[in-house]
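Below is one structure, written out as structure tokens; the observations come after it.
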Amino acid sequence: MLTGEQYKRSLADGRATYFEGNRIDDLPRHPILGQSVNLVAGGYDHWYSPGDAARNPLMSIPRSAEELRARIPMQHGADILALVTYQSIMTLSTAKARIEPALPQFARRIRDYVEKAQQDDIRIVECITDAKGDRSKTPAEQDDPDAYTHVVDRSDKGLVIRGAKLHITGASLAHELMVIPTKAMHRGEESYAIACMVPVNAPGVKIINTTYAPRHEDTRSFPFSSRVHMPEGFVIFDDVFVPNERVMLDGQTEMAALFAHALGLWERLGGLSDMAEQADQLVGFAQLIAEANGLASVSHVREKISEMIIHATLVRAALEAAISNCEITADAVAFPNELFTNAGKYHAAANYNLMVRHLHDVSGGSILTAPNVSDLENEATGALLRKYMSTGKGVEGEYRLRLFHAIRDLTADAFGGWRQVTNVQAGGGLYAQRIVTRRYYDLNGAKRKALEAAGLAGKSGN
Ligand SMILES: Cc1cc2nc3c(=O)[nH]c(=O)nc-3n(C[C@H](O)[C@H](O)[C@H](O)COP(=O)(O)OP(=O)(O)OC[C@H]3O[C@@H](n4cnc5c(N)ncnc54)[C@H](O)[C@@H]3O)c2cc1C
């Protein structure tokens, strides 16, 4: 396994990564992305065990509902890059099980790759979302054939890919890019049915970063985002050579969607478990600020918080149902139940904004206007700020001020905006979850029940 220091050194590999118009020479020393590097390095140190046989427990494959459940607290403690690495390993393992009967040679490559990745303790990111061009057209119909990542050349040693994958969380800080098709491909789109593993420093890979990291000199008023930010990568494959042994799918259009479905499942389980935690946090902040404001027993405030509690409980219940109804593959990989994972992720994301609205409603305008921590330290303003932010004996001004900072940071500033859009879009957007939920729901069973209730059992409209 790698220590944090070894991880930091591993990033000096010539990767072409950019931020606000400039190429980054030294990622660990970069004033903003360097903070994210430290976060990941901290994760490495946290999990580190010496010895050749040591493995990161988060990256091992769950074999039962109990093991899946045990991942949840581990995931909450992990940095996002460790989390997407786990999801990538699980995507590959789920896809392997599904392609094995038809494509045993690719399944073997996936197995070997996963074992080596676990052994080398590397970080992998999920590259699925293409630039996509005109959304109403298929890859083959696009004006620009590169709108979806595809094979543009090949030799007996490997192939060359061109395209771009957008919004790739943590790309610049990882070691490997898991490139998979973003959706189903059809006959004539063989060159788009490509899945492969590409090192971040491969010639031709260029990554443009964006971040929601707070850019203030004093970040103490951003208690959450100043600790956990991770850049998003706009990843360009400008004619990148991929050796044969790193190719996991090559032209089998009928299997192209299978990788996206596998990723969607693990992404959405991650999203669902994140949102279960977020829902509890929102309840906690609503109750704390209501108490600090002296409003905890007012009926409309209690009703809103009760609604938030019900939401948090149902999201947690969906997560539990997804885990306890997991399926086990022939080679003993436990993967969460599709119906509960997708319905739960959809419900949690679709109602997230309403829960944030309740929190904002019960909190008050200081969410946005509470002065900074440094104003507490100024002789002229500190004592007055404490006096007027206090709501009486037992509620110190600084305590209430810091609650407002946390609520702003989590729900009403750059990170809050990022979280709002991420909850909806990550894992393929609400539309994708609706489709998968419908596919796995027993619609015929529901029709049967309706017919029985109507006294029409065994009848049909024909
Ligand atoms: C912060 C963040 C992090 C992310 N991290 C990753 C990551 O690590 N890896 C990764 O691969 N992706 C990642 N994503 C991408 C995410 O999965 C996509 O944003 C999402 O799938 C939507 O794709 P899009 O952004 O291209 O929007 P669009 O495809 O333009 O979608 C916009 C809307 O149009 C709908 N739509 C699009 N096409 C059609 C169609 N043909 N028919 C009907 N409706 C359609 C969509 O459902 C959606 O409602 C991330 C996104 C965000 C915001």
Side-chain angles (χ1 to χ4, degrees), residues 36 40 79-92 95 123-142 147-149 163-174 176-186 189 194-198 200 205 207-213 225 228-237 256-257 259-272 274-275 278 342 345-346 349-350 352-353 414-438:
S36 312
V40 178
D79 60 89
I80 304 184
L81 191 52
L83 192 58
V84 292
T85 302
Y86 166 60
Q87 289 173 180
S88 301
I89 283 176
M90 293 316 301
T91 298
L92 289 171
R123 294 291 180 264
I124 305 170
V125 288
E126 312 158 347
C127 293
I128 176 165
T129 312
D130 285 290
K132 297 193 284 202
D134 181 336
R135 272 66 176 152
S136 68
K137 294 179 177 171
T138 67
E141 291 167 352
Q142 298 291 333
Y148 287 78
T149 304
K165 297 281 188 182
L166 275 52
H167 335 275
I168 311 306
T169 302
S172 284
L173 273 50
E176 297 263 333
L177 308 164
M178 178 183 71
V179 179
I180 59 177
T182 198
K183 60 177 188 175
M185 298 295 164
H186 304 103
E189 294 174 337
I194 177 77
C196 56
M197 303 303 303
V198 178
V200 172
V205 171
I207 304 175
I208 307 170
N209 298 280
T210 54
T211 178
Y212 50 81
S225 63
V228 302
H229 59 83
M230 184 62 60
E232 309 293 351
F234 191 116
V235 181
I236 300 158
F237 298 92
F259 283 82
H261 289 158
L263 177 73
L265 177 63
W266 289 98
E267 259 288 324
R268 289 166 206 157
L269 183 75
L272 177 59
D274 248 15
M275 283 189 279
Q278 289 172 27
N342 280 277
K345 157 69 173 65
Y346 176 87
Y352 176 76
N353 285 358
F415 176 74
W418 176 89
R419 189 178 250 191
Q420 196 169 325
V421 177
T422 300
N423 283 343
V424 172
Q425 291 294 352
L430 297 181
Y431 172 60
Q433 284 122 66
R434 278 202 295 268
I435 293 177
V436 182
T437 300
R438 198 184 157 97

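Below, all heavy atoms of this structure are taken into account, side chains as well, without hydrogens, waters or symmetry copies. Each ligand, and each atom within it, is numbered from 1 in the order the structure gives.
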Under 4.0 Å from [atom], is there at least one protein heavy atom?
{"atom": "atom 12 (N) of ligand 1", "value": "yes"}
{"atom": "atom 36 (N) of ligand 1", "value": "no"}
{"atom": "atom 15 (C) of ligand 1", "value": "yes"}
{"atom": "atom 33 (C) of ligand 1", "value": "no"}
{"atom": "atom 48 (C) of ligand 1", "value": "no"}

Please write down residue, atom name and distance for the protein heavy atom closest to [atom].
{"atom": "atom 22 (C) of ligand 1", "result": "Gln425 OE1, 3.2 Å"}
{"atom": "atom 28 (P) of ligand 1", "result": "Arg135 NE, 3.6 Å"}
{"atom": "atom 21 (O) of ligand 1", "result": "Gly428 CA, 3.4 Å"}
{"atom": "atom 10 (C) of ligand 1", "result": "Thr129 OG1, 3.3 Å"}
{"atom": "atom 3 (C) of ligand 1", "result": "Thr169 OG1, 3.5 Å"}
{"atom": "atom 5 (N) of ligand 1", "result": "His167 O, 2.8 Å"}
{"atom": "atom 1 (C) of ligand 1", "result": "Thr422 OG1, 3.1 Å"}
{"atom": "atom 44 (N) of ligand 1", "result": "Tyr431 CE2, 4.0 Å"}

(Q) Ring-plane angle category for Tyr86 and Trp266, please: parallel below 30°, perpendicular beyond 60°, tilted otherwise. (A) perpendicular
Any donor-acceptor pair under 3.5 Å from [X] side chain to [Y] backbone:
{"X": "Glu189", "Y": "Ala140", "value": "yes"}
{"X": "Lys165", "Y": "Ile180", "value": "yes"}
{"X": "Asp130", "Y": "Thr149", "value": "yes"}

Q: Mark up the atoms of ligand 1 that fall under 4.0 Å of a heavy atom belonging to Ile168, in ascending order.
A: 7 (C), 8 (O), 9 (N), 10 (C), 11 (O)
Q. At a 4.0 Å threshold, what atoms of ligand 1 neighbour a non-hydrogen atom of Ile128?
A. 10 (C), 11 (O)
Minimum heavy-atom distance [X]-[Y], with the two atoms named:
{"X": "Glu176", "Y": "Met197", "value": "OE1-CB, 3.8 Å"}
{"X": "Ile124", "Y": "Thr85", "value": "N-OG1, 3.0 Å"}
{"X": "Pro231", "Y": "Leu173", "value": "CG-CD1, 4.1 Å"}
{"X": "Tyr212", "Y": "Val228", "value": "OH-O, 3.8 Å"}

Q: Go through the side-chain N and O atoms of Thr91 and Glu126 and say whether any donor and acceptor fall under 3.5 Å apart.
A: no
Q) Which option, Lys183, Lys132, Arg434, Gln420, owns the non-hydrogen atom nearest atom 29 (O) of ligand 1? A) Lys132
(Q) For Ser225, give me all partners under side chain to side chain contact (heavy atoms under 4.5 Å, CB included), at least two apart in sequence or on another chain. (A) Pro214, Phe222, Asp409, Phe415
Q. So, is Cys127 polar-close to ligand 1, with some N/O to N/O distance under 3.5 Å?
A. no
**Q.** Nitrogen or oxygen of Ser136 less than 3.5 angstrom from that of ligand 1
**A.** no
Q.
With a 4.0 Å cut-off on heavy atoms, is Glu126 in contact with ligand 1?
A. yes
Q: Would you please test Arg419 and Gln278 for side-chain contact (heavy atoms from CB on, under 4.5 Å) and show each step?
A: CA-CA 10 Å; Arg419 189 178 250 191; Gln278 289 172 27; 3.5 Å; yes
